[in-house]
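Report on one structure; see the data block that follows.
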Amino acid sequence: MLQAFAVQVSAERAAGPSGEQTTAEIPAVELHNVSRKFGPVSAVAGISLSIRRGEFFSLLGPSGCGKTTLLRLVAGLDLPDAGTVSINGLEATHTPAHQRPVNTVFQSYALFPHLNVRENIAFGLRMKRMARKQIEERVGSIMETVRISELAGRRISQLSGGQKQRVALARAIVNEPQVLLLDEPLGALDLKLRKELQVELHALQRRLGITFIYVTHDQEEALAMSDRIGVMHAGRMAQLGAAEEVYERPRTRFAAQFIGACNLLRGTVRHCSERDFMVRTELGEVRVELGQSARPLQLGQSCTLAIRPEKVRVLAFTERREVNSFPVRVSGFVYTGSETQYRLETPGGLLNAWVMNARSGPPVFQIGDRATVQLPWDALVLLDD
Amino acid sequence: MTSQSQIHRGEAITRGRLSIRAAASLGPGFIWLILFFLIPLGIIAAMSFLSRGEDGTVDRPLTLENYRRLAGFGLLGFDPLYPIILFRSFVLGSGTAMLCLTAGLPLAFFIAKLSKPFKQLALTLVVIPFWTNLLIRTYAWQMLLGPGSWITQLAVWLRVIGPDEALYPGTFAVYLCMVCDFLPFMVLPLYASVEKLDWSMAEAAMDLGANRFQVFRHGVLPQIQPGVIAGLILVFLPATGQFVIPDLLGGAKTAMLGNAIQQQFGPGLDWPFGSAVALVSLAVALAGLWLFTRKTADQNLEIV
Amino acid sequence: MVSTHSRWLYGVAALLYAFLYAPIAVVIVFSFNTSRHGLGWQGFTWQWYRALLDNSQALEAAKNTLALAICSTLIATAIGTAAGFGLSRYEIPGRRFFSRLLYLPVFVPDIVMAVSLLLFFSIIRQWLGLFQLGLTTMIFAHVTFQIPFVAIVVRSRLAGLDPALEEAAHDLGANAWQTFWRVTFPLMLPGVMAGGMLAFTLSLDDFVVSFFTSGPGSTTLPILIYASVKRGLTPDIHALSTLIVLVSLLATLTVALLQRRGRA
């Protein structure tokens, strides 16, 4: 099996761009029903997942959700208790880490302190017994790519956090892996540097065309960079989809609340048509677009609706009741510069509404003011649970 | 590639091979220590229940005679020689430990308050004598305290001793040398604790109107307790087992357990009795260790 | 208050340093003193160092000491490194027991270890005719008290390493052999060297264990010094001691440097 794997990899490399068409449909990484337990705790509980070639895929979730464990299973640094891991269409569940066409950028960077920057980057190529001259060339060019050429002779202890991050990245991608695994690579850096490197990482991934699997607990980071996001919760995939899909149409309460802020409304289904349905909530009757939620709804069924605070419209108070409009009272607000975040008191509890400060001047509403909120019917999402 | 395989630090390996590696790495040390450490200790323990034969040979009859003699019940009636030696060893060991603590505390605070490069230098200066042969440092005190030395002259001038007396040999010389030899053992763990000290506790105590002693007692001492305990162990254990220092600087009046053991294994040629004394020394050391709690035991070793 | 406080502390510290270095200083000073017996300073001389060169006993003892220290250190470093390595990573049954066994010799009084080995060697000698007292028995004895120190230093060095380092090596395509020799071993080397130097110095310094396990013709420097002190000191012993102090000083500084480099 191993030999077959090696043949496949070298054949692919030899084939180059022309071979891409035939392998394009084969997923870069495919997990089938993968589980991993640590004692009584299920870190990963039966996850199946297919990651396309050249995709920037993020695993997003709070700490302890199993995202790092999943990454380690792909890297070969851990074994699943059940299920299979395939890389490039070949079963690799038991392939040792050093034989996988996969490289990792570790959270702690794990740079070798006894080697300098150049030697660190050359490590993988030397293990492959590549010719010295070729190693020099590739290390040199990769250092230019990540802009650390001037650090070549430095010791690891002399590097800043951002520089270490770049060296760790260079050390991994110099091996031209099929898949690059990144375990919270920006977690230890300050906000400004993190933003800078996010842009760079994203551009780099586009340029190299390497499949990235990116583990993070920072939803903004995941949204900014990823083609697709897998939201993990307690060892399971809470939601999987394109970045905007995961944000705009959260499927579960966990996904809705972990990614961004979200208002939740509980209610019961009152009426259902082909285009929309009505839900009775404590706020009143709410009309919701049926949209992608193709699930058959039953009258009287209880359900939860979600709406993002920036989608809630806050209007001057009127007695006139239009569809999805409700009277509220401003109980507090936070002025953040670009927007004003209102806390609104409703009969059904607090509602958050974030209003862009498109015009200059003080916030339109003050504490205690009455107002009308409008919940656009296409911004409301019906959750699965 | 079976259910037996696992990942050990990034490497895929079977449980069997992992066990082989564990045995290969731990085995030699394990066998060595069993053979040359545990078995010899077992032999000492067994020997202590045998009796002395003619001309220093060892005889079969199992007996508690050696321990009776240690407890003071000799063949010729009560003889307090060995109980006194035991007591003296304990007093000398704990006395040295307390003196070292008294001297070590200011030194540890002094080093901890220095700026970084000086701190390293000051610590190295404490470590250097520690690595200098103990025998050399011990015999040097013979000269320092001998008749005619400056220290002796000073003592005579201060009327501490008479004009024809010397500070060596004697109990004073033994204590002085013990403290000098073992002070580094005390300073190193003390310093490690003082370095981590949170001064806000002491300041809080000061704000609450505590006097200096109270500040030390309640704001500082609880925090450096691990270092104090580690230091006491590191001084007490080797001090009670000492035989070179009392041998070179003391007289019959300063003989300790170590000297008694040497006596029996050397000129005395009573190996069973010597074994009993050795076993008691071991017991005293381990009891001391046990008394000072096991919690800090691993910590000291980092310092040595 | 702070300034008087620290002035007091400086004074006490200076006195304590003087106290620590007084014996060493007096030996060094007297090794250059022309006077043979008296304690007064009578002029500078190298004559005791020259006398030392003619002292065949001292040269023999120096040779023995070095041979003993080198042999025992090599053996103890090999065994102790393996044990420290094994203890830091393998979870096997009996690990706790072994860990305790490894620490115990550190706490056992020298003299107890010395006489127990003396007894052990004499019993084996009676049964098997092995272990005639001499350099061989001394090497066995020294290795026994050196192993724990090497193992402890190596173990604590390994405990401070990020486990991701070895994972990273495997991830970058290194097999087990390559990972050990290119990553693990270079990283534990400062610990091995420091442990080895520690063992070496302990062997050079040891008097008690050597004293009981030595035989005729295997006198070491500490034994020689002890015998001279008992017989009555001659100034060339001061010269000898000064040289030993110098060697210890160099060894101590080497260990300190190694440990600092290891930490960086």
Side-chain angles (χ1 to χ4, degrees), chain B residues 9-11 18-19 22 25-26 28-30 32-33 36-37 39-41 43-44 47 103 106-107 109-110 113 124-125 127-129 131-137 139-141 143-144 146 148-149 180 183 237-238 241 243-244 248 258 261-262 265 271 274 278 281-282 285-286 289 301-302 304, chain C residues 9 12-13 16-17 19-24 26-27 30 39 79-80 82-83 85-87 90 92 98 101 103 105-112 115-120 123 140 144 147 151-152 156 163 166-167 170-171 176 201 205 207 212 222 225-226 229 241 244-245 248-249 251-252 256:
Chain B
R9 290 177 173 249
E11 182 196 357
L18 208 55
S19 308
S25 60
L26 294 172
F30 191 64
W32 189 287
L33 288 182
F36 294 101
F37 177 68
I39 291 182
L41 282 186
I43 292 176
I44 283 264
M47 180 71 80
L107 203 51
F109 276 95
F110 166 77
K113 282 191 169 181
T124 312
L125 281 177
V127 177
I128 287 171
W131 285 123
T132 314
N133 197 303
L134 183 128
L135 214 52
I136 296 173
R137 283 179 291 151
Y139 91 69
W141 283 107
M143 300 190 283
L144 280 168
S149 77
C180 180
L183 190 55
L237 293 192
F243 98 89
V244 176
L248 294 186
I261 298 171
Q262 192 228 346
F265 278 89
W271 288 15
S281 310
L282 181 62
L286 293 184
L289 184 63
L301 288 164
E302 301 298 327
V304 176
Chain C
L9 208 54
V12 173
L16 286 170
Y17 276 112
F19 174 57
L20 278 175
Y21 280 88
I24 299 170
V26 80
V27 169
F30 279 99
L39 284 162
I79 297 177
F85 176 82
L87 268 178
Y90 300 122
I92 51 155
F98 184 54
L101 177 62
Y103 280 66
V106 179
F107 294 107
V108 170
D110 292 357
I111 188 145
V112 175
V115 296
S116 72
L117 280 164
L118 172 67
L119 265 180
F120 174 73
I123 286 174
F140 276 98
T144 308
I147 287 176
I152 288 163
S156 72
E166 282 161 296
E167 293 186 341
H170 283 285
D171 186 72
T201 342
D205 266 3
F207 163 68
F212 282 96
I225 293 174
Y226 179 77
V229 175
S241 300
I244 296 174
V245 167
S248 321
L249 187 70
T252 313

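Values below: all heavy atoms of this structure, side chains included; hydrogens, waters and symmetry mates excluded.
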inquiry  = Please classify the contact of Ala285(B) with chain C as side chain, backbone, both or neither, using a heavy-atom distance under 4.5 Å.
reply    = side chain
query = Highest number of heavy-atom pairs under 4.5 Å with chain C: which of Ile44(B), Leu183(B), Leu18(B)?
reply = Ile44(B)
message = Which one wins on heavy-atom pair count under 4.5 Å against chain C: Gly274(B), Gly29(B), Gly241(B), Cys180(B)?
response = Cys180(B)
key: Student check: side-chain heavy atoms of Val27(C) and Met143(B) closer than 4.5 Å   = yes
query = Which atoms form the tightest heavy-atom contact between Pro129(B) and Tyr21(C), and what is the distance?
reply = CD-OH, 3.4 Å
request  = Between chain C and each of Leu237(B), Leu107(B), Leu286(B), count heavy-atom pairs under 4.5 Å; write down the option with the most.
outcome  = Leu107(B)
query = Between Leu249(C) and Ile128(B), is any pair of side-chain heavy atoms under 4.5 Å apart?
reply = yes
inquiry  = Keeping Tyr226(C) on the side-chain end and Val244(B) on the backbone end, is there a donor-acceptor pair under 3.5 Å?
reply    = no
task = Please look at Phe120(C) and chain B and tell me whether the side chain, the backbone, both or neither of the residue comes under 4.5 angstrom of a heavy atom of that chain.
result = both
ask   = So among His170(C), Glu167(C), Glu166(C), which one has a side chain to side chain donor-acceptor pair (under 3.5 Å) with Arg9(B)?
value = Glu166(C)
request  = Below 4.5 Å from any heavy atom of chain C, which atoms of Pro238(B) appear? Answer side chain, backbone, both or neither.
outcome  = neither
query = So which of Ala82(C), Ser116(C), Gly86(C) has the largest heavy-atom pair count under 4.5 angstrom toward chain B?
reply = Ser116(C)
ask   = Relative to each other, are the rings of Trp32(B) and Phe140(C) parallel, tilted or perpendicular (30° and 60° limits)?
value = parallel
key: Part of Ala22(C) lying under 4.5 Å from any heavy atom of chain B   = both
Under 4.5 Å from any heavy atom of chain C - which part of Phe30(B) = both
ask   = Leu125(B) versus chain C, heavy atoms under 4.5 Å apart: side chain, backbone, both or neither?
value = both
inquiry  = Could you tell me if the side chain of Val115(C) sits less than 4.5 Å from the side chain of Trp271(B), heavy atoms only?
reply    = no
request  = Measure distances from Ile147(C) to the heavy atoms of chain B and classify the residue's part below 4.5 Å as side chain, backbone, both or neither.
outcome  = side chain
remark   = When the 4.5 angstrom heavy-atom criterion is applied to Phe19(C) and chain B, the contacting part is both
key: Contact leader toward chain B among Pro105(C), Pro222(C), Ala151(C), where contacts are heavy-atom pairs under 4.5 Å   = Pro105(C)
key: Heavy-atom check, side chain of Leu282(B) versus side chain of Pro109(C), under 4.5 Å   = yes
Heavy-atom check, side chain of Leu16(C) versus side chain of Phe110(B), under 4.5 Å = no
ask   = For the residue pair Ile111(C) and Gly258(B), what are the closest heavy atoms and their distance?
value = CD1-O, 3.3 Å
ask   = By a 4.5 Å heavy-atom criterion (distance strictly below it), what part of Ile244(C) contacts chain B: side chain, backbone, both, or neither?
value = side chain
task = Drop me the distance from Ser25(B)'s OG to Ile79(C)'s CD1, to the nearest 0.5 angstrom.
result = 12.5 Å
inquiry  = Return the CZ to CG distance between Phe36(B) and Leu117(C), rounded to the nearest 0.5 Å.
reply    = 8.0 Å
query = At what distance, to the nearest 0.5 angstrom, does CG of Leu119(C) lie from CG of Leu41(B)?
reply = 10.5 Å
inquiry  = If I take atom CZ from residue Phe109(B) and atom CG from residue Leu9(C), how far apart are they, to the nearest 0.5 angstrom?
reply    = 9.0 Å
ask   = Considering only heavy atoms, which portion of Val12(C) lies under 4.5 Å from any heavy atom of chain B: side chain, backbone, both, or neither?
value = side chain
note = Of all heavy-atom pairs linking Val108(C) and Phe37(B), the shortest is CG2-CZ, 3.7 Å
inquiry  = So if I apply the side chain to side chain contact (heavy atoms under 4.5 Å, CB included) rule between Ile24(C) and each of Ile136(B), Thr132(B), Asn133(B), which one comes out positive?
reply    = Thr132(B)
remark   = Turns out that what part of Leu101(C) lies under 4.5 Å from chain B's heavy atoms comes down to both
Spatial distance of atom CG (Leu26(B)) from atom CZ (Phe98(C)) [nearest 0.5 Å] = 5.0 Å
note = So CG of Leu33(B) and OH of Tyr103(C): to nearest 0.5 Å the spacing works out to 13.0 Å
